[in-house]
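Below is one structure, written out as structure tokens; the observations come after it.
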Amino acid sequence: MSRDARADGTFVLAVRSTHIYCRPSCPARRPLRRNVVFFRTGEEAEKQGFRACLRCKPNEIAGPVALVEAASRELAASGEDTVRFGALATKLGSTPATLRRAFLQVTGLRPRELAEALRLARFKKMLREGKRITDALYETGYGSSSRVYERSNAQLGMTPATYRKGGRGMKIGYSITKSGLGKVLVAATDRGVSAVYLGDADAKLVEELRDEYPRAEISVAAGSFEKWVKEIVERVEGKPPRVELPLDLQATAFQRRVWQELQQIPRGSTRTYSQVARALGNPKAVRAVARACATNPVSIVVPCHRVIREDGNLAGYRWGVGRKEQLLAQERAAG
Ligand SMILES: [Zn+2]
């Protein structure tokens, strides 16, 4: 209904009375709801006897989402370090400017950041497959180990040597504490907090942690980070922060920017996804912001519960929307 062009390429709407199908952003007058059926692709609509709309041309190269999907497939297959946007755009029947805009809009990343993320992803994949670090460095064009080690803390969340073994050699301690919102799992390395999960069953929380670091040495924490746990439980109960919490996270450059922005939202206040996107100087990255919120591993410390939908709806929360509601209510009450 909102003709949101970001939905183009994700589905088409077909009108029974006219036998025509459109992309979501079609400027034509909206048909009666009861006459509309939805298809994932234009081909599916055509199989059912619908014809493409001449105004929005839904069978031609699609909106930003489809364009980015196609470009990402090309980039991943090519394995190149530099994004040659001109050639890529031409190949996809688009222009460099359109493609660049589409990337920023859909992924929230600039081409250079995207190329870097893809390269790091290739590097990580090679290590997981058991390739030697020096070979992986050479093949991904990092040139020297210092360049990737430089980034390792920021983007890999651990050194390449640790990553290669799926976190083997990494020591993660966790503790589970009761709080006003059920159980809280806090996990940390000696560099900082890596996970804060909320839930009901201990076993389920530990399982989530093991999924995150399949080969890390995970054990019940020694007393050393009691102070962090106490601080986090207090924040869960709406109390103001008292201790600075160091973080040790795996994140992309964009996730990091979103999470830092979320930490600026005052307690008890909320922001919408698009307000966060605007604050990042990237007003169209609303969906990318929502994804970064959904993948936040350190709830509470990065207060993704303070981000809501435009209409005031609380939207989802990895640990249950009931908990999100309660967190906000407690923060407001604590003043
Ligand atoms: Zn149309």
Side-chain angles (χ1 to χ4, degrees), residues 172-188 192-213 218 220-221 225-245 247-251 255-256 258-277 286-335:
I172 299 177
Y174 72 87
S175 82
I176 297 176
T177 319
K178 272 191 202 152
S179 78
L181 285 179
K183 301 284 179 65
V184 185
L185 176 145
V186 177
V193 178
S194 305
V196 177
Y197 300 162
L198 305 174
D200 300 310
D202 292 18
K204 175 107 196 312
L205 292 171
V206 176
E207 195 185 304
E208 298 234 17
L209 185 61
R210 288 194 196 285
D211 283 347
E212 196 107 45
Y213 302 102
I218 292 175
V220 176
F225 68 85
E226 261 168 25
K227 195 174 74 172
W228 293 349
V229 174
K230 185 163 175 282
E231 169 73 15
I232 288 166
V233 170
E234 285 189 2
R235 291 193 199 180
V236 166
E237 287 164 359
K239 302 204 179 83
R242 292 190 314 169
V243 182
E244 188 78 22
L245 291 167
L247 297 177
D248 187 6
L249 303 173
Q250 286 186 78
Q255 282 175 315
R256 204 163 286 273
V258 173
W259 297 343
Q260 278 162 358
E261 192 58 40
L262 299 190
Q263 290 183 303
Q264 308 299 314
I265 307 174
R267 254 168 8 99
S269 310
T270 54
R271 296 283 181 275
T272 63
Y273 293 107
S274 56
Q275 282 173 328
V276 174
V286 178
R287 290 208 303 193
V289 165
R291 271 195 302 278
C293 290
T295 53
N296 165 31
V298 281
S299 52
I300 316 299
V301 186
V302 169
C304 59
H305 60 277
R306 293 179 197 148
V307 188
I308 60 173
R309 281 213 304 251
E310 315 312 306
D311 58 3
N313 186 303
L314 287 185
Y317 190 51
R318 183 172 169 192
W319 312 112
V321 76
R323 285 200 173 91
K324 185 173 187 171
E325 197 172 5
Q326 206 180 330
L327 275 165
L328 289 170
Q330 282 171 345
E331 288 183 352
R332 286 188 192 116

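The first residue in the sequence is number 1, and the count goes up from there.
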Of all the heavy-atom pairs spanning [X] and [Y], show the shortest one and how long it is.
{"X": "Ser299", "Y": "Val196", "value": "OG-O, 2.7 Å"}
{"X": "Pro297", "Y": "Ser194", "value": "CB-O, 3.9 Å"}
{"X": "Cys304", "Y": "Tyr317", "value": "SG-CE1, 3.7 Å"}

Between [X] and [Y], is any pair of side-chain heavy atoms under 4.5 Å apart?
{"X": "Thr270", "Y": "Arg332", "value": "yes"}
{"X": "Ile265", "Y": "Val307", "value": "yes"}
{"X": "Arg306", "Y": "Leu262", "value": "no"}
{"X": "Glu325", "Y": "Val321", "value": "no"}
{"X": "Phe225", "Y": "Leu245", "value": "no"}
{"X": "Ile232", "Y": "Val298", "value": "no"}
{"X": "Pro241", "Y": "Arg267", "value": "yes"}
{"X": "Arg271", "Y": "Gln264", "value": "no"}

With rounding to the nearest 0.5 angstrom, report the [atom1] to [atom2] distance, [X] to [Y].
{"X": "Leu327", "Y": "Glu237", "atom1": "CG", "atom2": "CD", "value": "10.0 Å"}
{"X": "Ile176", "Y": "Leu205", "atom1": "CD1", "atom2": "CG", "value": "5.5 Å"}
{"X": "Arg210", "Y": "Ile172", "atom1": "CZ", "atom2": "CD1", "value": "9.5 Å"}
{"X": "His305", "Y": "Gln330", "atom1": "NE2", "atom2": "CD", "value": "9.0 Å"}
{"X": "Ile300", "Y": "Trp319", "atom1": "CD1", "atom2": "CH2", "value": "10.5 Å"}
{"X": "Arg318", "Y": "Thr295", "atom1": "CZ", "atom2": "OG1", "value": "8.5 Å"}

Main-chain N/O of [Y] paired with [X] side-chain donor or acceptor, under 3.5 Å:
{"X": "Trp228", "Y": "Gly192", "result": "no"}
{"X": "Lys324", "Y": "Leu314", "result": "yes"}
{"X": "Gln255", "Y": "Asn296", "result": "no"}
{"X": "Glu261", "Y": "Val276", "result": "no"}

Listed partners of Ala290 passing side chain to side chain contact (heavy atoms under 4.5 Å, CB included), at least two apart: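 Side chain to side chain contact (heavy atoms under 4.5 Å, CB included) check on Ala290 returns Tyr273.
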
Ser274: partners by side chain to side chain contact (heavy atoms under 4.5 Å, CB included), with sequence neighbours left out: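 Only Thr272, Arg278, Val286, Glu310 meet the side chain to side chain contact (heavy atoms under 4.5 Å, CB included) criterion with Ser274.
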
Derivation and outcome, salt bridge (Lys or Arg N to Asp or Glu O under 4.0 Å), residues Lys227 and Glu231: CA-CA 6 Å; Lys227 195 174 74 172; Glu231 169 73 15; over 6 Å; no

Residue pairs involving residues 174-188 (criterion side-chain hydrogen bond (donor to acceptor under 3.5 Å, both in side chains); sequence neighbours excluded):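 Qualifying pairs: Lys183-Asp202.
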
